[in-house]
Protein chains: 2
Amino acid sequence: MAVSDTGVQSLDRATGLLEILAEAPAGTPLSVLAAASGLPPSTVHRLLGAMVGQGWVRRLPGRTYALGPRLIHLGERASRTLGALARPHLARLVDEIGETANLALLDGDRVVYAAQVPGRHAMRMFTEVGRRVRLHSTGVGKVLLAQLPPEDARALLLHAGMPARTPRTVTDVDRLLAELPTIRAQGYAVDDGEQETGVRCLAVPVPAGGDAALSVSGPEGRLPVDAVPRLAPVLQAVAAALAAELTGGSPAISSPGPRPE
Amino acid sequence: MAVSDTGVQSLDRATGLLEILAEAPAGTPLSVLAAASGLPPSTVHRLLGAMVGQGWVRRLPGRTYALGPRLIHLGERASRTLGALARPHLARLVDEIGETANLALLDGDRVVYAAQVPGRHAMRMFTEVGRRVRLHSTGVGKVLLAQLPPEDARALLLHAGMPARTPRTVTDVDRLLAELPTIRAQGYAVDDGEQETGVRCLAVPVPAGGDAALSVSGPEGRLPVDAVPRLAPVLQAVAAALAAELTGGSPAISSPGPRPE
DNA sequence: CGCAACGTTCCACGATGCGGAATGCTGACT
DNA sequence: AGTCAGCATTCCGCATCGTGGAACGTTGCG
């Protein structure tokens with residue numbers, strides 16, 4: 001299952017197994033993995049063997065399996081690399097706006113928070129790096145959706161589901177899809193208490209990645225709607241600076257088109 | 001390369017590529033990956049395509065690659081699961097001993113820190129979760145080596161290398177191997193300023209995992225050698241409690257023996 | 001404008017991973 | 001203790017899936 005089917009069977013299957021392990025609490029036996037993945041036990045056994053050998057999976061006593069040590073290291077590495085690059089930019093946002101700033105990435109049909117700089121106020125958003133949330137109820141999610149071809153956006157939304165997080169959450173696919181052209185045109189998205197009651201969030205795409213976005217969030221009182229048109233350009237400027245640095249390592253593209261695909 | 005060769009070729013190769021990406025600063029082009037892995041470009045291209053599809057790898061504009069968002073999430077997950085379980089036990093150690101306590105796992109030919117509770121003193125060890133260190137110069141490393149068959153231990157040491165971190169670091173394989181039977185017999189290992197000058201570290205294996213260990217570390221002055229025989233049982237008791245909980249999730253073993261393997 | 005380097009696509013070959021069936025464990029029930 | 005059931009594990013012949021050399025496109029440099 002998963003987002004799967006990308007050319008290399010064994011890799012896709014292995015990924016699927018990891019995903020199942022990530023959901024399962026801890027110490028999952030082979031039989032459960034086989035059942036959940038729909039693969040024959042012998043196949044699961046072989047794949048697990050390989051993954052254990054590589055450290056993706058840990059084999060606990062009692063013949064049960066859990067996520068492995070290599071993930072800890074690589075995960076740290078991934079978020080640290082990105083975080084180190086992004087943090088100064090996020091800090092600049094906090095300087096200028098005062099609210100908690102986040103960098104988020106598209107991860108399958110969710111958004112994962114990759115870096116964060118907390119705002120200056122005592123009452124502030126607190127989102128853990130590594131946390132994964134659905135696309136439909138967050139500013140970053142909507143802004144990322146808007147970068148995608150509509151049919152892809154729809155597919156992701158349907159796949160992930162659109163549960164109501166608050167009374168304001170948009171739970172209808174078509175209504176959400178209808179917002180996207182506007183978001184795309186204006187270059188930012190607003191989450192108006194759709195994820196967390198009383199919390200407004202303003203998000204913009206990072207022009208480089210195509211799958212990255214940054215945002216600031218705070219209580220509605222401190223982020224009034226009429227401030228949005230003033231704040232959006234600030235976010236966009238920072239996003240552009242971050243994008244430049246992200247692509248700065250290598251020559252990279254200069255084409256203006258927002259959709260490299 | 002890597003620790004590789006575990007039955008499923010494509011998976012091993014993909015892992016190798018990720019490893020290379022983890023070392024490379026950011027935005028690595030395909031050609032570099034092909035060269036570093038020794039694989040033909042077309043193969044690398046296909047594997048990367050699959051990994052991008054699964055979120056293991058991010059494709060930056062400018063045709064360059066970096067570690068992907070899925071790693072951030074899974075890494076968090078892996079360390080959080082373990083960390084949540086281990087932290088109360090580590091906290092108990094800090095309560096009783098006062099020094100920073102760590103949980104570490106064997107990760108290939110290194111040790112990765114998986115959880116940490118800082119000690120009560122102002123001057124204290126500071127080790128980042130996710131950090132990877134060599135086996136030969138740390139208490140946890142030595143205690144993990146002692147759990148292994150000597151030939152495996154030797155292989156890991158030779159593979160990782162044994163650079164001197166301090167004047168006290170043991171840099172000779174045979175001298176280190178000679179320590180292991182003692183460590184194994186007494187059930188703990190001491191790092192006597194071998195990793196960091198002036199820092200002593202006491203480590204014990206977690207009987208369950210076989211590949212987990214916990215430790216306390218502090219300045220030599222606060223962790224005198226003659227306190228070790230008194231402290232070791234404290235660590236061992238906590239390790240046993242942690243082990244019980246680790247295996248507790250599923251029915252698992254009930255045998256009292258410290259070595260289920 | 002032409003060239004060179006690099007990324008990408010194609011395709012026929014065969015090694016590689018597949019999974020059904022047989023075997024070996026382990027722990028539960030009587 | 002003995003038996004049994006449910007797992008995990010190993011085996012092995014088959015076909016699939018991945019492989020990588022070669023051809024093609026593209027990008028950016030001289």
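Lettering follows sequence order; numbering is per chain, from 1. Note that the structure is a prediction, hence the values are computed from the model and not measured.
Legend: residues meeting side chain to side chain donor-acceptor pair (under 3.5 Å) with A:S10, ordered by chain and number and at least two apart, are B:S10. Residues passing the side chain to side chain donor-acceptor pair (under 3.5 Å) test with B:E179, sequence neighbours excluded: B:K142. Applying the salt bridge (charged side-chain N to carboxylate O under 4.0 Å, His left out) test to A:R110 and every residue at least two apart in sequence or in another chain returns nothing. Checked against side chain to side chain donor-acceptor pair (under 3.5 Å), A:H73 has the following partners two or more places apart in sequence or in another chain: B:R132. Applying the side chain to side chain contact (heavy atoms under 4.5 Å, CB included) criterion to A:A101, with sequence neighbours excluded, gives A:L90, A:L93, A:V94, A:V216. Considering only residues two or more places apart in sequence or on other chains, A:A22 meets the side chain to side chain contact (heavy atoms under 4.5 Å, CB included) condition with A:L67, B:L74, B:R77. Checked against side chain to side chain contact (heavy atoms under 4.5 Å, CB included), A:V32 has the following partners two or more places apart in sequence or in another chain: A:T28, A:P29. Applying the side chain to side chain contact (heavy atoms under 4.5 Å, CB included) rule to B:V173 yields the partners B:R154, B:L157, B:L158, B:M162, B:L177; only residues at least two apart in sequence or on another chain are considered.
Both A:L39 and B:L30 lie close to DNA chain C; mapped to their nearest nucleotides by heavy-atom distance, the more 5′-ward contact belongs to B:L30.
Within the structure, a side-chain polar atom (N or O) of B:Q9 is placed less than 4.0 Å from OP1 or OP2 of D:dT19. For C:dG19, one of the phosphate oxygens OP1 or OP2 lies less than 4.0 angstrom from a side-chain nitrogen or oxygen of A:T43. When the side-chain nitrogen and oxygen atoms of B:R13 are compared with OP1 and OP2 of D:dT19, one or more of them lie within a distance under 4.0 Å.
Direction change of the helix axis from one end of the helix from C:dC1-D:dG30 to C:dT30-D:dA1 to the other is 50°, with five pairs defining each end axis (rounded to 10°).
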Below 3.5 Å is the cut-off: list the nitrogen or oxygen pairs between protein and nucleotides 24-26 of chain D, distance only.
none

At a cut-off of 3.5 Å, list every protein nitrogen or oxygen paired with a nitrogen or oxygen from nucleotides 9-14 of chain C, distance to 0.1 Å.
none

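The backbone N or O of A:V8 sits nowhere less than 3.5 Å from a side-chain atom of B:R46 that would complete a donor-acceptor pair. Looking at A:R63, its side chain never comes within 3.5 Å of a backbone N or O of A:L30 through a donor-acceptor pair.
Legend: salt bridge (charged side-chain N to carboxylate O under 4.0 Å, His left out) pairs involving residues 79-88 of chain B, not counting sequence neighbours, sorted by first then second residue: A:E128-B:R80, B:E76-B:R80.
Here D:dC17 presents its P atom at 16 Å from CG of B:L11, a figure rounded to the nearest Å.
As judged by a 4.0 angstrom heavy-atom cut-off over every strand, B:S31 is placed among residues touching the sugar-phosphate backbone only.
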